[in-house]
Asks: 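I'd like to ask some things about the structure below.
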Amino acid sequence: MAAAEEPARRRAGSSRAAGRRPAGESHQSHRRPAKGPAWAMRIAADQLTELIGRAPDSISALKPTNDGWEADVEVLELERVPDTTSVMATYRVTLDKEGDLVSYERTRRYTRGQTDRRG
């Protein structure tokens, strides 16, 4: 190793030890995991679309589990006029830590204009 490279290497190591990041290393990328909630939402939506052939309307719930992620995905199942009478469905999608779909099930069907009457 060249003598000029060694001091630079020591400086980079010392800045890390002192809690500073070398130039070019962002604070955000260091704190946020690569496989976080946004990633899980995209993967759940993409894999469900591939299986049922319908694009998700939205994701209404997402939570980490010991084995990966669980998401509730809202899907338009039957389009009607007026739009408020269209039939929607909620699918529960389970992903492992790598983002592979482990299971899915339809947990609810409802009309788009329907509101929950729960507590």
Asks: Would you name the heavy atoms of A71 and L62 that are closest together and state the gap between them?
Replies: CB-CD1, 3.8 Å
Asks: Set out, in order, the CA-CA distance, both residues' side-chain angles and the distance that settles side chain to side chain contact (heavy atoms under 4.5 Å, CB included) for D67 and D96, then state yes or no.
Replies: CA-CA 6 Å; D67 300 321; D96 66 13; 5.8 Å; no
Asks: Could you measure the distance from the CH2 atom of W69 to the CE atom of M41? Nearest 0.5 Å is fine.
Replies: 10.0 Å
Asks: Are any side-chain N or O atoms of K97 and backbone N or O atoms of K35, one a donor and one an acceptor, separated by less than 3.5 Å?
Replies: no
Asks: Check the pair E74 / S60 against side-chain hydrogen bond (donor to acceptor under 3.5 Å, both in side chains), numbers first and verdict last.
Replies: CA-CA 7 Å; E74 308 301 320; S60 58; 2.6 Å; yes
Asks: Rounded to the nearest 0.5 Å, what separation is found between the CD1 atom of I59 and the OG1 atom of T90?
Replies: 11.5 Å
Asks: Check each of T107, D72, I52, L51 against Y91 using the side-chain contact (heavy atoms from CB on, under 4.5 Å) test, and report the only one that passes.
Replies: I52
Asks: To the nearest 0.5 Å, how far apart are CZ in R80 and OG1 in T111?
Replies: 8.5 Å
Asks: Determine the minimum heavy-atom distance between L95 and A40, stating which atoms define it.
Replies: CD1-O, 3.7 Å
Asks: Would you call E105-R92 a salt bridge at under 4.0 Å N-O?
Replies: no
Asks: Any chance you could measure L48, atom CG, to I43, atom CD1, to the nearest 0.5 Å?
Replies: 12.5 Å
Asks: Please report the interatomic distance OG(S103) to CD(E70), rounded to the nearest 0.5 Å.
Replies: 7.5 Å
Asks: Quick one: does E79's side chain have a donor or acceptor within less than 3.5 Å of a partner on S86's backbone?
Replies: no
Asks: Rounded at 0.5 Å granularity, tell me how far CG in L78 sits from CZ in R54.
Replies: 8.5 Å
Asks: Determine the minimum heavy-atom distance between P56 and V73, stating which atoms define it.
Replies: CB-CG1, 3.5 Å
Asks: Should M88 and D57 count as side-chain neighbours, where that means a heavy-atom distance under 4.5 Å?
Replies: yes
Asks: Should L101 and V93 count as side-chain neighbours, where that means a heavy-atom distance under 4.5 Å?
Replies: yes
Asks: Kindly indicate whether a cation-pi arrangement holds for R112 with Y110, taking the cut-offs as under 6.0 Å to the six-membered ring centre and within 45° of the axis.
Replies: no
